[in-house]
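Keep in mind that the numbers below use all heavy atoms, side chains included, and drop hydrogens, waters and symmetry copies.
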Amino acid sequence: MNRKTLVLPAVAGLLAPLLAACGGSEGDRAIVVGTTDQFVATEDAPAPLDPAYAYDTGAWNVLRQTVQTLLHVPREGGEPVPEAAESCGFSDKASESYRCTLRSGLTFADGTPITAEDVKYSIERVLKIKSDNGTAALLANIDTVEVQGTDGIVFHLKTPDATFPYKLSTPVAGILSKDKYAAGELRDGFDVDGSGPYTMKVERDGDKVDRFVFTRNPKYKGDIAPRNDKVELRPFADSTAMGKALESADIDMMARSLSQKQIKDLTEKPKDGIQMVEVPGLEIRYLGFNTKAPPSSRRPCARRWPPSSTGAPWSTSSTAPPPSRSTR
C-alpha cells in the first residue's frame, strides 16, 4: 500500500467511506491514520465520547464510525441521505413534522435489535441531560418524539426547520442502547457502543488515548460500505510529529490537521511514496479580529475634502468627504 497524506476537512472526515478509496487491509494489518486531535478525559470533561456531550471534530470523527444516525451526509457533500433509516422526509408542507422509517434488521453491535423506541430514547436523553457543552442546542427545536410501531419515528418540531435533516445526521442524534447509556447522566470514559460500521477499542496512555482501534462490525446495516477490516486512529502532539511518522512509515495517512507549510511543501515538492489527495468537506478556516484591541481598534482619521492647499494630498480634518465623491 502506498502511503498517503490527506488534506482532510474535519466534518466530512468519515474514515469508513474515505478509506474505501485506499483499498482493503492487507491481511490482519490495520490502516493507520494520524491525527492531531487530542482525546483526554478530565474531571471537568469526563465523557468526551458521549454523543450527548461531544461537540468537537475529533470526537465526532470517532462517533461517526461507531454510532449510527438516521441520516448521514455523503463524503462528496450534498443533502443528507438515509443511513440507519430506510427513508426520511417532512410529512407536512410547513416543515414541522419529520418522519423516518428504520431499515429492517438493524441491531447494535452486540446483536440487540434496534427499534424506534431506541431512537426516541436517544434523542430524549440528549435533551434531558442538556450538557453544558451545548450539544443539545442542535435538537432544541424538537417538541415531541412520536413512535409509530417498531420502525416508525416522527419528530414534531416547535417551528419550521429545513435544516433539521442535517442535524439528525450529526452524532448528537446517534442511536444508543438504554442498556449502555443511562437516561439522565453522561457515560464517562472512552467506551462507545453503537451500530455503526465499526466497533472500537481504546489503547490508553494514562488519561490520554494512545490509539483507537476500529474493527469492521459484521452486524452493521446501513448506507456506508467500508472496504477495510481494521483501522487505527493514532493521535499526535502536533503536525510535525505526525509528518515524521508518515515519512518513517509508522502511519499510512495523515487525516487532520496538516499545517499550511506542510501542505505547501507536499504540494510543491512531493516526496517519494507520499501522495497528496484533496477531498471535499465542510470545514471552514477563518480569521477573527477583536475590534476592541489594537490595531483593529484604531479609528480611521477623517480627511479633508477637497485636498488642502498645502500641497499634501490629505490632511486631518473633522470633515469627511462627501459620500458621492471618491476619496481615493
Side-chain angles (χ1 to χ4, degrees), residues 11-18 20 49-52 54 59-91 97-127 135 138-139 142 145-157 161 163-181 183 187 192-200 214-227:
V11 179
L14 298 179
L15 294 180
L18 172 67
L49 294 181
D50 190 316
W60 274 19
N61 198 30
V62 171
L63 290 173
R64 289 182 190 277
Q65 321 314 317
T66 50
V67 177
Q68 265 188 299
T69 48
L70 291 170
L71 304 161
H72 78 110
V73 177
R75 185 167 65 89
E76 63 273 12
E79 297 183 0
V81 298
E83 213 289 70
E86 179 180 277
S87 63
C88 283
F90 284 103
S91 56
S97 182
Y98 195 78
R99 189 183 192 284
C100 291
T101 301
L102 293 176
R103 294 177 186 269
S104 62
L106 284 178
T107 69
F108 291 107
D110 64 3
T112 304
I114 295 175
T115 69
E117 286 288 351
D118 294 301
V119 178
K120 176 182 172 70
Y121 174 83
S122 303
I123 297 296
E124 291 181 343
R125 175 179 180 270
V126 173
L127 296 173
T135 318
L138 290 174
L139 304 179
I142 295 176
V145 183
E146 177 188 355
V147 170
Q148 297 181 341
T150 59
D151 61 357
I153 189 85
V154 182
F155 301 94
H156 299 286
L157 308 182
D161 185 4
T163 68
F164 187 66
Y166 290 90
K167 296 172 182 177
L168 285 184
S169 73
T170 63
V172 65
I175 304 171
L176 307 175
S177 167
K178 61 176 66 71
D179 295 332
K180 303 291 178 64
Y181 292 84
R187 182 180 183 179
V192 179
D193 290 278
S195 56
Y198 293 99
T199 59
M200 184 197 73
F214 299 91
T215 304
R216 184 199 291 260
N217 174 12
K219 293 183 172 61
Y220 169 72
K221 290 186 178 181
D223 188 59
I224 297 170
R227 300 179 186 175

request  = Evaluate the criterion side-chain contact (heavy atoms from CB on, under 4.5 Å) for residue pair Ile153 and Leu102; output intermediate values, then yes/no.
outcome  = CA-CA 8 Å; Ile153 189 85; Leu102 293 176; 5.6 Å; no

query = How far apart are the C-alpha atoms of Leu70 and Phe155, what are their side-chain angles, what is the distance that settles it, and do they pass the side-chain contact (heavy atoms from CB on, under 4.5 Å) test?
reply = CA-CA 12 Å; Leu70 291 170; Phe155 301 94; 3.8 Å; yes

ask   = How far apart are the C-alpha atoms of Ile142 and Leu157, what are their side-chain angles, what is the distance that settles it, and do they pass the side-chain contact (heavy atoms from CB on, under 4.5 Å) test?
value = CA-CA 5 Å; Ile142 295 176; Leu157 308 182; 4.2 Å; yes

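Asp151 CG to Arg103 CZ: the interatomic distance, rounded to the nearest 0.5 Å, is 13.0 Å. Annotation: the span from Asp193 atom CG to Arg187 atom CZ amounts to 4.5 Å, rounded to 0.5 Å. In this structure, the separation between CZ on Arg227 and CZ on Arg216 is 10.5 Å, given to the nearest 0.5 Å. The distance from atom CH2 of Trp60 to atom OG1 of Thr135, rounded to the nearest 0.5 Å, is 8.0 Å.
Proximity of Ser97 to Val154: side-chain heavy atoms (C-beta onward) are separated by under 4.5 Å at one or more points.
Residues Gly152 and Ala116 approach most closely at O-CB, 3.3 Å, considering heavy atoms. Looking at every heavy atom in both residues, Thr69 comes nearest to Glu83 through O-CB, 3.3 Å. Of all heavy-atom pairs between Pro82 and Asp223, the closest is O-CB, 3.2 Å. Of all non-hydrogen atoms in Pro74 and Glu79, the two that sit nearest each other are CD-O, 3.4 Å. When all heavy atoms of Arg125 and Ala183 are compared, the closest pair comes out as CG-O, 3.4 Å. Across all non-hydrogen atoms, the minimal contact from Thr107 to Lys219 is OG1-CB, 3.6 Å.
Within a 6.0 Å sphere centred on NZ of Lys221, other residues, nucleotides and ligands contribute 12 heavy atoms or fewer.
Within the structure, ring-ring contact (aromatic ring centres under 6.0 Å, His included) contacts touching residues 106-126 (residues at least two apart or in different chains) do not occur.
Residues forming a side-chain hydrogen bond (donor to acceptor under 3.5 Å, both in side chains) with Asn217 (at least two apart in sequence, or on another chain): none.
Each of Gln148, Glu146, His156 was evaluated against Arg99; a single residue qualifies, Gln148, per the side-chain hydrogen bond (donor to acceptor under 3.5 Å, both in side chains) test.
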Let me have the donor-acceptor pairs involving side chains of residues 169-179, under 3.5 Å, with sequence neighbours excluded, atom names and distances please.
from	atom 1	to	atom 2	distance (Å)
Ser169	OG	Tyr166	O	2.6
Thr170	OG1	Lys167	O	2.7
Ser177	OG	Asp179	N	3.1

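Judged purely by distance below 3.5 Å, without hydrogens or angles, the side chains of Ser195 and Gln68 pair a donor atom with an acceptor atom.
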